[in-house]
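Here the structure comes first, spelled out in structure tokens, and everything after it is commentary.
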There are 2 protein chains.
Amino acid sequence: MDKFDRQILNAIQHDTRLTSEKLSQLVGLSQDACRKRLLKLREEGVIEQEIAVLSPEKVGRDLLMIVGVTMAVETTHEVDVFKARMHDAPEVMQCYYVTGESDFIIVLSVPDMPNYESFVREHFLSGVGVASFRTNVVMDRVKVGFALPVLD
Amino acid sequence: MDKFDRQILNAIQHDTRLTSEKLSQLVGLSQDACRKRLLKLREEGVIEQEIAVLSPEKVGRDLLMIVGVTMAVETTHEVDVFKARMHDAPEVMQCYYVTGESDFIIVLSVPDMPNYESFVREHFLSGVGVASFRTNVVMDRVKVGFALPVLD
DNA sequence: ACTGAAAAAAACACGTA
DNA sequence: TACGTGTTTTTTTCAGT
């Protein structure tokens with residue numbers, strides 16, 4: 001991974017729709033060289049996904065919540081089951097297993113409060129080993145993305 | 001926004017590299033119809049970004065943290081300044097302004113602990129109005145993305 | 001919204017440093 | 001092993017219907 005790879009990565013983190021042409025101009029390499037590097041970065045798993053980010057409001061998901069979940073008993077099994085549940089729940093945009101006060105931190109998106117209540121009832125309050133959870137309602141998405149500047 | 005739009009959105013949230021051909025097969029519309037809808041969705045801001053998600057580990061950012069920040073005095077000015085700082089900090093992948101125990105929740109990525117310490121010193125401990133903060137170290141990225149299933 | 005042509009971009013094979 | 005050039009193929013774009 002050299003300077004060129006890093007430049008390519010930094011560019012496509014903000015916009016995957018850049019053409020090979022613009023990308024090549026940006027990094028100072030031929031189009032084909034850029035393309036080959038991109039292929040390799042994808043194969044190696046450096047690039048995990050190429051995705052579209054939607055406006056939650058414009059698709060009727062006005063509520064964005066960030067919830068810290070603490071498990072009652074943190075056995076391997078309990079944790080794995082909970083991970084699987086979060087992975088499969090469509091409301092869950094992101095889920096992290098963490099150290100600290102919470103065991104899980106979850107970013108989730110719902111149309112409204114009743115929907116959030118349903119989610120809570122189904123996933124936190126129905127004997128799945130959740131001891132407690134702290135809810136934060138998002139008022140402003142100050143910064144959204146996974147941009148991860150790869151420094152030289 | 002109808003069923004077709006929703007199907008298109010659901011598809012490209014997971015993969016922006018789908019060709020018009022595959023997309024059209026998926027939603028059962030002609031290529032051109034899909035394309036026009038995509039254009040419109042972009043124009044309307046329903047699609048905010050099209051981005052690449054990198055593997056933090058593979059670009060030397062082994063530490064992923066989620067930090068809850070509580071401000072000392074929550075005036076408009078203080079909040080705006082802090083928002084701007086977070087927006088500009090390259091370590092910050094995501095930042096949300098929230099209600100609840102914390103005022104801000106920040107997802108940040110650093111190479112190692114010393115770098116995290118530097119970040120904390122610079123952004124939380126140098127008279128910028130931060131009263132306290134709670135750090136969570138991410139052990140597992142259970143689910144990552146912004147996928148937001150648009151239900152029928 | 002579909003069809004077919006034109007334009008653009010990406011993919012590929014080859015030659016080269 | 002990785003870059004670049006020219007060619008082919010695919011994909012996107014844009015008419016007209």
Side-chain angles (χ1 to χ4, degrees), chain A residues 1-55 57-60 144-152, chain B residues 1-62 111 144-152:
Chain A
M1 165 117 43
D2 60 8
K3 178 187 154 198
F4 296 118
D5 284 322
R6 285 191 281 270
Q7 285 185 315
I8 291 171
L9 291 172
N10 286 334
I12 61 160
Q13 284 188 88
H14 299 285
D15 187 7
T16 49
R17 286 171 51 75
L18 272 100
T19 60
S20 293
E21 196 190 353
K22 282 175 198 158
L23 199 56
S24 69
Q25 291 168 356
L26 220 65
V27 308
L29 229 52
S30 77
Q31 294 186 23
D32 208 49
C34 283
R35 195 182 61 83
K36 282 172 187 161
R37 279 164 179 271
L38 258 178
L39 274 176
K40 205 166 154 196
L41 290 166
R42 279 197 265 260
E43 274 172 15
E44 289 169 346
V46 178
I47 298 169
E48 288 185 345
Q49 310 184 62
E50 283 159 85
I51 61 171
V53 178
L54 308 191
S55 160
E57 294 85 4
K58 298 210 171 156
V59 293
V144 174
F146 288 103
L148 197 64
V150 188
L151 308 169
D152 281 334
Chain B
M1 164 115 44
D2 60 8
K3 177 188 156 197
F4 295 118
D5 283 323
R6 285 192 280 271
Q7 287 186 314
I8 291 171
L9 291 173
N10 286 334
I12 61 159
Q13 284 188 90
H14 295 103
D15 188 7
T16 48
R17 288 173 51 75
L18 274 102
T19 60
S20 294
E21 196 189 353
K22 283 175 197 157
L23 198 58
S24 69
Q25 291 169 355
L26 220 65
V27 307
L29 228 55
S30 77
Q31 294 187 23
D32 210 48
C34 282
R35 195 181 62 84
K36 279 173 187 159
R37 280 164 181 270
L38 257 179
L39 274 175
K40 204 166 155 196
L41 290 166
R42 280 198 263 261
E43 272 171 17
E44 288 170 347
V46 178
I47 297 169
E48 289 185 346
Q49 311 185 61
E50 284 160 84
I51 61 171
V53 178
L54 307 191
S55 160
E57 295 84 3
K58 298 210 173 157
V59 294
R61 297 287 199 93
D62 288 281
V144 174
F146 289 103
L148 199 63
V150 187
L151 309 169
D152 279 333

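Just so we're on the same page: letters track the sequence lines, and every chain starts at 1.
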Within residues 30-42 of chain A, those residues having any heavy atom closer than 4.0 Å to DNA chain D are A:S30, A:D32, A:A33, A:K36, A:R37, A:K40

What pair of heavy atoms forms the shortest contact from [X] to [Y], and how long is it?
X: A:Q13; Y: A:L148; answer: OE1-N, 2.5 Å
X: B:L29; Y: B:S24; answer: O-CB, 2.9 Å
X: B:L18; Y: B:K22; answer: CD2-CB, 4.3 Å
X: B:G145; Y: A:I51; answer: CA-CD1, 4.4 Å

Judged by atom type as modelled, is there a donor-acceptor pair below 3.5 Å linking the side chain of [X] to the main-chain atoms of [Y]?
X: B:D32; Y: B:R35; value: no
X: B:T16; Y: A:E50; value: yes
X: B:R61; Y: A:P149; value: yes
X: A:Q49; Y: B:V144; value: yes

Among residues 14-23 of chain A, which contact DNA chain C at a heavy-atom distance under 4.0 Å?
A:T19, A:S20, A:E21

Interatomic distance, A:L29 CG vs D:dT1 P [rounded to whole Å]
18 Å

d(CD, A:E50; P, C:dA10) in whole Å
12 Å

